[in-house]
Amino acid sequence: MVSQAKEDIAALLDCEPIEVIFTASGTEADNLALRGLYRSGTVLASPIEHPAVAEVLKTLPTRYLPVVDGAVVPDYQGESLITCMLANNETGALQPVDKLASYGVPLHVDAVQAVGHIPVSFRGLGATTLAFSAHKFGGPRVGVLLARRSPALTPLLLGGGQQRGIRPGTIDVAGAVATAAALKEACAEMATEQVRLAELRDRLLGRLRELGAVVHTPAASLPGHAHVSIPGALGDSLIMLLDMHGIAASTGSACSSGVNRASETLLAMGVPTDVARSALRFTLGYTTTEADVDHLIGVLPEVIAQAQAAGM
Ligand code: PLP
C-alpha cells in the first residue's frame, strides 16, 4: 500500500516513486532537504520563506534575494545551494523557481502552499528536492519530500534503512495512503477549483480595494489567497472583529497568529512597518462558498470602521 501511494504521488507530481519520502510534516521535509543538501559555501535564498525554512537558514551562511511585487528577483553569485518557495504562504505570490533552477546548483523548493492547488511537476521545475504537506489539500498531517537520487541527502535521523536511509523509521501506512488519496482528489478538482476560487477571491479583493485596502497579493498568485492591509486599523483588531461574525482570518502566516508583530514577509517586500501591522489575510479553499464571501463582504465596512476607530 505504501508502494502504491508512492506510485500515485509520483504520477501526479511527475517524479519517480523512489523519490517520494514520507515525513512527519512539511517542516520536517524542509529541514531534511536543507540540512541534508548543505555541504559548504553560501546558500542563496528568498527572504520571504516560511519559518520551516527561514529558521534553518539562520544557522547557515545565507545571502537573501531582493523582492519586487511579492516575488524574488533572481541573481546568482556562485552560491552552492539555493532555496525558494513555489508560492508564498501569506501573499500567495508565485516565485520564479524555474529561473533559480537554471543556475545548475542544488535547489530546494518549499511547495507546501502550491501542491494540490496548482499543477506541480518535480521534473519540470528542475528542483533537487521539493517539500509539501498533505494537510494543505485536505489530507492528513503528513509531510512529503521529493528527493532526487543525487546528490545524496544526509539524514536527520539514523536508524533502519527505510526510504533509502534518508528518513528511516517505520512508515505511517494510513498516512501515506490518505496522502495519495487526497492528492488524487485535489488534482482531479484542481482546474475547476482554481477558476472558482480566483473568481471569489477577485471579487473580495475588488471590494477591499473600494474600502481603501492596500493589496499585497500580486496577479501571479495562488487562486485562494487575499492578503491586504487596512490603513489605520490594527490587524489584530480586524481579526477579532471578524471572529465575532464567525469569520476566520489571519494577520499573516497562520502559524504565527496570536503573535502581535509585523509580518517578516511584508517587511522583506518593502512594506512600511505601520502598513504591515495593518495586515489582514484571507485564504479561500475548497470549503469556501459564494455565500461565505457574500457574508464577509457584507460585514467588512462595519468591521473596518470599528477597527479604524480603535486606531493603531
Ligand atoms: N512551508 C510553508 C510555505 C507553509 O505554509 C507551511 C505551513 O503552513 C510549512 C512549510 C510547514 O508545514 P507543516 O505545517 O506541515 O509543518
Side-chain angles (χ1 to χ4, degrees), residues 9 13 20-37 43 45-58 64-65 67 70-72 82-97 100 107-118 120 125 127 129-147 156-157 167 172 175-176 178-180 182-183 186 216-218 220-227 248-259 263-266 268-269 279 281-286:
I9 291 167
L13 299 178
V20 178
I21 311 282
F22 290 109
T23 65
S25 60
T27 300
E28 187 195 335
D30 278 327
N31 273 260
L32 175 57
L34 289 175
R35 291 170 186 266
L37 283 173
V43 184
S46 101
I48 53 172
E49 294 297 298
H50 185 276
V53 168
E55 291 297 317
V56 181
L57 292 174
K58 285 183 187 168
Y64 293 95
L65 289 166
V67 180
V72 296
I82 303 176
T83 186
C84 184
M85 59 198 349
L86 192 48
N88 182 261
N89 45 305
E90 294 187 33
T91 63
L94 301 177
Q95 304 298 316
V97 165
L100 296 170
L107 167 69
H108 172 60
V109 175
D110 176 335
V112 171
Q113 290 285 327
V115 167
H117 298 276
I118 56 170
V120 173
L125 283 173
T129 50
L130 181 146
F132 67 95
S133 199
H135 67 89
K136 298 295 185 188
F137 49 83
R141 275 65 179 160
V142 168
V144 179
L145 185 67
L146 305 183
L156 293 176
L157 305 175
R167 210 284 192 171
D172 169 6
T179 295
L183 185 59
H216 304 304
T217 295
S221 62
L222 295 170
H225 278 60
H227 198 26
S250 161
T251 55
S253 124
C255 319
S256 48
S257 58
V259 182
S263 142
E264 295 292 334
T265 295
L266 293 184
M269 285 166 59
R281 168 191 161 187
F282 298 103
T283 319
L284 283 54
Y286 66 101

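Indexing begins at 1, ligand by ligand and atom by atom, following the structure's order. Values below: every heavy atom of this structure, side chains too, minus hydrogens, waters and symmetry copies.
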Please state which part of [X] comes within less than 4.0 Å of ligand 1, counting heavy atoms only: side chain, backbone, both or neither.
{"X": "Lys136", "value": "side chain"}
{"X": "Arg141", "value": "neither"}
{"X": "Val112", "value": "side chain"}
{"X": "Asp30", "value": "side chain"}

Exercise. Output yes when the distance from some N or O of ligand 1 to some N or O of Ala87 is under 3.5 Å, and no in every other case.
Key: no

Quiz item: Which is closest to atom 3 (C) of ligand 1 by heavy-atom distance: Asn88, Asp110, Val142, Val53?
Solution: Asp110

Quiz item: If you measure from atom 12 (O) of ligand 1 to every heavy atom of Gly26, Ala131, Ala24, Ala111, which option wins on shortest distance?
Solution: Gly26

Self-check item: With sequence neighbours excluded, residues passing side-chain contact (heavy atoms from CB on, under 4.5 Å) with Ala180
Solution: Ala5, Asp8, Ile9

Exercise. Could you list which atoms of ligand 1 come closer than 4.0 Å to a heavy atom of His135?
Key: 13 (P), 14 (O), 15 (O)

Quiz item: Ser133 heavy atoms, cut-off 4.0 Å: which ligand 1 atoms fall inside?
Solution: 13 (P), 15 (O)

Exercise. Give a yes or no on whether the backbone of Lys136 and the side-chain of His117 come within a donor-acceptor separation of less than 3.5 Å.
Key: yes

Self-check item: Given Thr129, Val53, Leu37, Asp30, the one that forms side-chain contact (heavy atoms from CB on, under 4.5 Å) with Thr83
Solution: Val53

Quiz prompt | Sub-4.5 Å side-chain heavy-atom contact between Thr23 and Asn31 | solution = no

Exercise. Report yes if some heavy atom in the side chain of Val67 is under 4.5 Å from a heavy atom in the side chain of Pro47; otherwise report no.
Key: yes

Quiz item: If every non-hydrogen atom of Asp110 is compared with every non-hydrogen atom of Val112, which pair is closest and at what distance?
Solution: OD1-N, 2.9 Å

Quiz prompt | Candidates Arg281, Glu90, His227 - the one meeting side chain to side chain donor-acceptor pair (under 3.5 Å) with Ser263 | solution = Glu90

